[in-house]
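These notes concern the structure reproduced below.
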Amino acid sequence: MKSLIDILDFSVEEVNALLDTADDIIANPDKYAECCKRKKLATLFFEPSTRTRLSFEAAMIELGGSVIGFSDAQNTSSSKGESVSDTAKVISCYADIIAMRHPKEGAPLVAAQAASIPVINAGDGGHNHPTQTLADLLTIRREKGSLENFTIGFCGDLKFGRTVHSLINALARYEGVRVVLISPDELKLPSYVKTDVLDRKGISYTQTTDLEAVMPELDVLYMTRVQKERFFNEEDYLRLKDSYILTPQKLTAAKKDLCILHPLPRVNEISVAIDDDPRACYFKQVLCAKYVRMALILKLLKEAGKIV
Amino acid sequence: MNIDSIHNGFVIDHIPAGRGMKLYELLGLDALDCSIALIKNVPSKKMGKKDIIKIDADISLNLDLIGFFAPDVTVNIIRDGVLVEKKSIALPEYLTGVIRCKNPRCITSCEQELAHKFKLTDAENHVYRCIYCETKASTEQ
Ligand SMILES: [Zn+2]
């Protein structure tokens with residue numbers, strides 16, 4: 001049973017085909033309006049993430065399917081001690097596909113090993129969030145026309161930011177991608193990502209603490225949130241959270257066709273004044289996330305033989 | 001090497017010097033009542049010094065554990081006093097139930113009876129990562 005746990009579970013060809021489907025859904029939504037009629041998506045959210053859950057639910061509804069699920073583990077059998085594996089087996093009897101979010105790393109993989117229906121990882125702790133990566137790829141491809149030959153700057157929390165690691169992993173498989181890492185020293189990209197991904201794939205990258213200095217080079221700027229829960233003490237958080245805030249003034253030296261992304265929610269990393277700038281693509285990214293989830297549900301249900 | 005003393009069993013050869021005792025413990029050999037020899041610091045042309053373990057019993061050896069802990073060892077299988085097979089132990093692709101994931105945020109820390117499983121992700125540097133959370137395995141455990 002094909003599931004999506006890690007973005008690297010899909011080959012580059014599979015990812016490209018998925019993005020093609022998403023493009024087609026955007027162009028011809030009516031064509032897809034009944035594709036998943038009488039099919040059920042189970043959203044199993046063991047930790048709350050309203051944004052991601054609603055995106056999955058909207059995706060399934062727009063495909064003509066319906067949704068069952070829960071959004072808080074407090075009221076489920078897992079609070080009585082049921083294993084992830086048992087939950088997956090039980091839900092396999094009710095639904096056609098699962099989207100699972102869980103605070104423990106690897107929980108969706110455990111579910112996929114036990115379930116008889118496809119499982120989509122909708123975020124497992126600080127580990128993977130492959131549908132966010134697919135949304136990032138779709139947005140970049142739609143804005144830039146291709147996933148090759150561009151320079152992307154990652155700014156903010158590159159140490160704990162799983163969306164960053166995952167997108168770097170995915171982009172490393174395309175030609176001519178240059179990476180600029182912009183973060184305070186405390187939140188630098190972990191060295192294993194540099195050695196295992198960037199160095200191994202021969203991706204050229206530079207590292208800096210100065211966002212403005214590298215701004216003119218960038219085709220894509222990926223901003224991230226500096227999360228409070230990643231810090232052991234309040235002092236470090238308060239000192240660092242404002243270090244990398246994007247303001248209209250910092251954008252003066254940027255390219256005219258820069259594409260600004262952010263996995264959202266933002267706290268204050270991007271000034272609201274930038275929202276009306278045509279280069280701000282983070283709300284388009286949210287829309288892309290829904291469409292790419294639609295494409296993903298279609299792909300997995302097709303491969304499982306549940307729809308034609 | 002001298003295998004006279006072994007009738008049916010194994011000679012684990014080319015263990016990096018100093019690791020024999022730890023391997024002895026990990027393989028649970030102290031629990032066996034057959035004759036077992038742990039020979040330390042044997043001169044070796046290839047390695048300078050090496051450790052050797054001889055086991056005179058037909059037990060089931062955890063080759064994955066040996067491969068992970070002491071790669072490049074040779075396991076000689078002795079039957080009726082004759083060397084019947086010389087196995088070079090390569091790094092296993094997966095380690096299941098051999099070592100534990102120490103990441104408290106990993107699903108292995110709470111899921112009932114879930115085997116801890118690691119995958120070889122970098123053969124050159126002997127790196128194993130948990131298949132669930134990708135935490136690097138440590139040889140020190
Ligand atoms: Zn783990």
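Just so it is clear, the model here is predicted, and its values are computed rather than measured. Chain A is the first sequence line, chain B the second, and so forth, proteins listed ahead of strands; every chain is numbered from 1.
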For residues 163-173 of chain A against chain B, heavy atoms under 4.5 Å, the residues are none

With rounding to the nearest 0.5 angstrom, report the [atom1] to [atom2] distance, [X] to [Y].
X: A:D196; Y: B:E134; atom1: CG; atom2: CD; answer: 9.5 Å
X: B:E111; Y: A:H102; atom1: CD; atom2: NE2; answer: 7.5 Å
X: B:Q112; Y: A:S83; atom1: CD; atom2: OG; answer: 6.0 Å

Around [X], counting heavy atoms of other residues, nucleotides and ligands shown, do more than 12 lie under 6.0 Å from its [atom1]?
X: A:K159; atom1: NZ; value: no
X: A:K194; atom1: NZ; value: yes
X: B:K49; atom1: NZ; value: no
X: B:M47; atom1: CE; value: yes
X: A:E235; atom1: CD; value: no
X: B:E25; atom1: CD; value: yes

Can you give me the closest heavy-atom contact between B:T121 and A:R200, atom names plus distance? O-NH1, 3.8 Å

Which atom pair, heavy atoms only, marks the closest approach of A:L109 to B:Y132? CD2-CD2, 3.6 Å

So do [Y] and [X] actually touch side chain to side chain, heavy atoms under 4.5 Å?
X: A:E105; Y: B:I107; answer: no
X: A:Q113; Y: B:I131; answer: yes
X: B:T108; Y: A:K104; answer: no

Using heavy-atom distances under 4.5 Å, tell me whether B:C130 contacts chain A through its side chain, its backbone, both, or neither. neither

Is there a side chain to side chain contact (heavy atoms under 4.5 Å, CB included) between A:Y192 and B:R129 once you walk through the steps? CA-CA 12 Å; A:Y192 73 87; B:R129 289 188 185 277; 4.1 Å; yes

